[in-house]
Amino acid sequence: MIVAVPVNAQERVYHDNPCTSPMFAIFEITGDRQEIRYRHTLTRLNPWAKYDGVMLKDPHMKSCTCEEQLMRNPHHISEHYGLLEAIGQCDILIVDNYCLNTLFTMKNVGINLHKIPPFLKKPSEAIEHFAVSSEIAAHLRCVHPA
């Protein structure tokens, strides 16, 4: 399973809308239901950061408070698909906050969202939270880095 975590420039968990995140830490999770292993495979730049996109500069995007008119704008909706350049091969996107367009975009391409609490700071903590709180933890005894 491939999992993405939005991170800031210091590679700490980014808690605002993932569309405005500077980067994404990509993890591979392996193992069975008793022992889960994870490893950081790479960090990818958000395409909106790479191309100096307006998504990163708009405070409404960052806080997930788009006006209703903007939320229905086909051009704005399509902007959310830009993330797929960075996380398109992922199965799960771990997030704290997200807008409805992000939710619908990820669902349309088969990427599930996993919500985490705001106090998690390290991507590894977000991965461990996902492993412990999801259905893969039915008989979990151990979660650790590979």
Side-chain angles (χ1 to χ4, degrees), residues 1-67 70-71 76-146:
M1 171 183 313
I2 307 296
V3 178
V5 180
V7 293
N8 62 20
Q10 294 78 32
E11 297 203 22
R12 307 283 281 171
V13 174
Y14 185 82
H15 289 280
D16 293 321
N17 189 344
C19 291
T20 63
S21 171
M23 301 179 289
F24 294 91
I26 309 295
F27 288 83
E28 180 182 26
I29 298 178
T30 58
D32 58 23
R33 292 182 178 263
Q34 291 186 5
E35 183 175 347
I36 304 296
R37 294 185 182 275
Y38 63 91
R39 70 182 180 93
H40 179 255
T41 57
L42 67 139
T43 301
R44 289 204 172 124
L45 194 61
N46 181 340
W48 291 110
K50 190 186 310 182
Y51 304 121
D52 198 28
V54 82
M55 269 287 218
L56 300 179
K57 298 173 184 166
D58 188 342
H60 293 293
M61 300 295 171
K62 189 172 186 172
S63 63
C64 305
T65 56
C66 300
E67 296 103 23
L70 184 60
M71 287 180 63
H76 173 71
I77 292 169
S78 69
E79 289 176 327
H80 288 74
Y81 286 91
L83 287 186
L84 298 179
E85 185 178 320
I87 65 168
Q89 85 289 357
C90 295
D91 303 300
I92 306 287
L93 174 60
I94 296 177
V95 293
D96 181 2
N97 291 303
Y98 54 90
C99 64
L100 287 176
N101 285 336
T102 300
L103 173 67
F104 295 143
T105 299
M106 295 303 123
K107 281 191 173 224
N108 284 341
V109 297
I111 298 175
N112 293 317
L113 298 182
H114 176 78
K115 189 146 172 58
I116 58 168
F119 57 82
L120 297 178
K121 303 297 180 209
K122 297 178 187 175
S124 59
E125 294 171 343
I127 294 294
E128 291 167 1
H129 181 276
F130 166 71
V132 169
S133 63
S134 68
E135 68 276 355
I136 65 172
H139 304 286
L140 185 65
R141 292 191 324 208
C142 183
V143 177
H144 52 84

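Listed by chain and residue number, Ile92 satisfy the side chain to side chain contact (heavy atoms under 4.5 Å, CB included) test with Asn112 (two or more places apart in sequence, or in another chain). For the ring pair (Phe, Tyr, Trp, His ring centres under 6.0 Å) test, no residue two or more places apart in sequence or in another chain qualifies with Phe24. Applying the salt bridge (charged side-chain N to carboxylate O under 4.0 Å, His left out) rule to Glu28 yields the partners Arg39; only residues at least two apart in sequence or on another chain are considered. A search for side chain to side chain donor-acceptor pair (under 3.5 Å) contacts involving Lys115 returns Asp96, not counting sequence neighbours. For the side chain to side chain donor-acceptor pair (under 3.5 Å) test, residues two or more places apart in sequence or in another chain that qualify with Thr43 are His40. In terms of the side chain to side chain donor-acceptor pair (under 3.5 Å) criterion, residue partners of His114 (sequence neighbours excluded) are, by chain and number, His129, Ser133.
In this structure, the side chains of Lys121 and Val13 stay at 4.5 Å or more apart for every pair of heavy atoms. At a threshold of 4.5 Å between non-hydrogen side-chain atoms, the residues Val5 and Phe130 do not count as touching. Contact check for Asn46 versus Pro22: no side-chain heavy atoms found under the 4.5 Å cut-off.
Annotation: the span from Ile94 atom CD1 to Leu113 atom CG amounts to 10.5 Å, rounded to 0.5 Å. Atoms CG and OG1, on Asn97 and Thr20 in that order, are 9.5 Å from each other to the nearest 0.5 Å. To the nearest 0.5 Å, the span separating SG on Cys99 from CG on Asp16 amounts to 12.0 Å.
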Would Arg44 and Met23 count as a side-chain contact (heavy atoms from CB on, under 4.5 Å) here? Give the steps. CA-CA 6 Å; Arg44 289 204 172 124; Met23 301 179 289; over 6 Å; no
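Side-chain N or O atoms of Asp91 include one that pairs as donor or acceptor with a backbone N or O of Ile2 at under 3.5 Å.
Counting all heavy atoms, side chain and backbone alike, Leu45 lies closest to Ala86 at O-CB, 3.7 Å. Across all their heavy atoms, Phe27 and Ser124 have their closest contact at CZ-N, 4.4 Å. The shortest heavy-atom contact between His15 and Ile116 is CE1-CD1, 4.2 Å. Heavy-atom minimum distance, Pro6 versus Leu93: CD-CD1, 4.1 Å. The shortest heavy-atom contact between Cys19 and Trp48 is O-CD1, 4.0 Å. Nearest heavy atom pair, residue Asn17 against residue Thr102, reads OD1-OG1, 3.5 Å.
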Validation: residues 103-110 side-chain donor-acceptor distances under 3.5 Å, sequence neighbours left out:
from	atom 1	to	atom 2	distance (Å)
Thr105	OG1	Asn101	O	2.7
Asn108	ND2	Tyr81	OH	2.9
Asn108	ND2	Phe104	O	3.3

